[in-house]
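Scope of the values below: all heavy atoms of this structure, side chains included, with no hydrogens, waters or symmetry mates.
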Amino acid sequence: MHIDTVILRHLEMELKSPFTTSFGTMKTRPVLLVEAIDENGERGWGEGVAFSAPWYTEETLETTWHMLEYFLIPLLFQAPVHHPDELRARFSMIRRNYMAKAALEGAVWDLFAKRRGMPLSAALGGEKQEVEVGISIGIQKITNLLKRMEQALAEGYQRVKIKIKPGWDVDVVRVVRRHFPDVPLMVDANSAYSLHDIDRLQALDDYELLMIEQPLAVDDIVDHAKLQAKLNTPICLDESICSYEDAKRAIELQSCRIINIKIGRVGGLTEAKRIHDLCQQHHIPVWCGGMLEGGVGRAHSIALATLSHFSLPSDTAASANYWNRDFIDPEVTVHHGRIFVSKQPGIGYEVNMKEVERRVVRSKVYNRVKG
């Protein structure tokens, strides 16, 4: 297929409530919406998940837009695409910039599935008809945290993730466990600790956590191996895993016992599948992490999580958990802790252009030069 047109749109989404991690607090979420149109006028959708500031990775919405405009879209236009897997090699001359690559590749995957009249999940090789999901809750007053957990469990979420940081960790987990002794619980540090905090991290072993996510530096695999050897609780790596090669090294060094796969962080669905398959071969559990996505990014994550080795609940909560109104129809909903996978072609959701236009900050159209 020839991709004739790509449209970039910068949206600003207002969160229903502030979301706080060890990095800071967000009240709004920028979204880079990517629309790819083929020679027949069929449309595919992708979503850039970089934030406005480089606190999660080095990428921002501005850098992803720049990389798409000047490098990735021109590479896409150079030749027809027979299968989205080809784009991994085509984009390989561009170092890193994984979120930019994932945004454009995702639109092509959606288009590829639609042209074949099949759900994106099936195009990826997914087998599940429903996906178990958990919920991620930001740092907040303990009374609010307990109330939000109670609400999430009443809504049927399969597990709860809470954010931690130095000074907001062991005491908080102790209170949570007192109120919810049996809930599947994990904590996410977003790289807030070092090996100097090993005693504090070891103290978390007392609370039967599913995992401690990314306790140490974002670019570290070696120190995580040292830490994992001293913990009973599994370490889950997130920010440290940006590629198949990163996952391979982490497994070889025994830096973790679980891996979180995020489409944007690893450069797209093709690389996410490769990491999934590698972890399956080595019996390392995986789950699909969340990035406070809008509806298109959420739909891609649902499709990915249908692959057979995703054995832990994904961070793909309902649209209404974050937004007063998402920009897809229907919105993503959760039923007793599960999302039913759409059988419609592509991502299985329609982009609501009225809702998109209501949030657009800027947009730009790029056309392939034919000749």
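For Lys114 and Glu42, the salt-bridge test fails: no basic side-chain N is under 4.0 Å from an acidic carboxylate O. With respect to the salt-bridge test (charged N to carboxylate O, under 4.0 angstrom), the residues Arg359 and Glu12 do not qualify. Salt-bridge check for Glu58 with Arg96: passed, with a basic side-chain N closer than 4.0 Å to an acidic carboxylate O. Between Arg249 and Glu252 there is no salt bridge, since no side-chain N of the basic residue sits under 4.0 Å from a carboxylate O of the acidic one. Lys248 and Glu245 are not joined by a salt bridge, as no carboxylate oxygen comes within less than 4.0 angstrom of a charged side-chain nitrogen. A salt bridge is defined here as a Lys NZ or Arg NE, NH1 or NH2 lying under 4.0 Å from an Asp or Glu carboxylate O, and Arg200 with Asp197 fails to meet this definition. Using a cut-off of 4.0 Å between Lys/Arg side-chain N and Asp/Glu carboxylate O, Arg9 and Glu35 are scored as salt-bridged.
Gln214 places none of its side-chain heavy atoms less than 4.5 Å from the side chain of Tyr193. The side-chain heavy atoms of Ile258 and Ile235, taken from C-beta on, include no pair separated by under 4.5 Å. Residues Glu155 and Gln151 meet the side-chain proximity criterion, which asks for heavy atoms closer than 4.5 Å. Taking the side chain as every heavy atom from C-beta outward, Ser255 and Leu237 approach each other to under 4.5 Å. Side-chain contact between Ile164 and Leu204 is present, with heavy atoms from C-beta onward closer than 4.5 Å.
Ser308 and Gln280 share a side-chain donor-acceptor pair at under 3.5 Å. Between Glu105 and Thr270, the side chains place a donor N or O and an acceptor N or O closer than 3.5 Å (distance only, hydrogens not considered). A donor-acceptor pair shorter than 3.5 Å cannot be found between the side chains of Glu239 and Thr57. Judged purely by distance below 3.5 Å, without hydrogens or angles, the side chains of Tyr56 and Asp238 pair a donor atom with an acceptor atom. Thr64 and His66 form no side-chain donor-acceptor contact under 3.5 Å, judged by distance and modelled atom types alone. Tyr244 and Asp277 share no donor-acceptor pair across their side chains, judged by distance under 3.5 Å alone. Between the side chains of Glu213 and Asn260, at least one donor N or O lies within less than 3.5 Å of an accepting N or O.
Each of Asp182, Leu185, Asp206, Val172 was checked for a side chain to side chain contact (heavy atoms under 4.5 Å, CB included) with Arg177, and the lone residue meeting it is Leu185. Here the rule is side chain to side chain contact (heavy atoms under 4.5 Å, CB included) with Glu47, and of Glu293, Met99, Met291, Arg298 only Glu293 fits it.
Taking the centre and axis of the six-membered ring of Phe77, the NZ or CZ atom of Arg368 falls outside the cone set by 45° and 6.0 Å. Figure legend: Arg265 and Tyr98 shown without cation-pi pairing, the cationic atom not lying both under 6.0 angstrom from the six-membered ring centre and within 45 degrees of its axis. Annotation: cation-pi pair Arg29/Trp323 absent, no NZ/CZ under 6.0 Å from the ring centroid and within 45° of its normal.
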Item to check | Test side-chain contact (heavy atoms from CB on, under 4.5 Å) applied to His83 and Glu86, step by step | outcome: CA-CA 6 Å; His83 192 284; Glu86 300 167 11; 4.1 Å; yes
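Between the Thr60 side chain and the Ala53 main chain, no donor and acceptor come within less than 3.5 Å of each other. A donor-acceptor pair is defined here as one N or O able to donate and one able to accept, closer than 3.5 Å; such a pair exists between the side chain of Asn97 and the backbone of Arg95. A donor-acceptor pair under 3.5 Å links the side-chain atoms of Asp205 to the main chain of Thr233, judged by distance alone.
Between Phe310 and His276, the ring planes lie parallel to each other; the angle is under 30°, not in the 30° to 60° tilted range. Ring pair Phe112/Trp109 is perpendicular by interplanar angle, where above 60° counts as perpendicular and below 30° as parallel.
Taking the six-membered ring for Trp, Trp287 and His309 have ring centres at least 6.0 Å apart.
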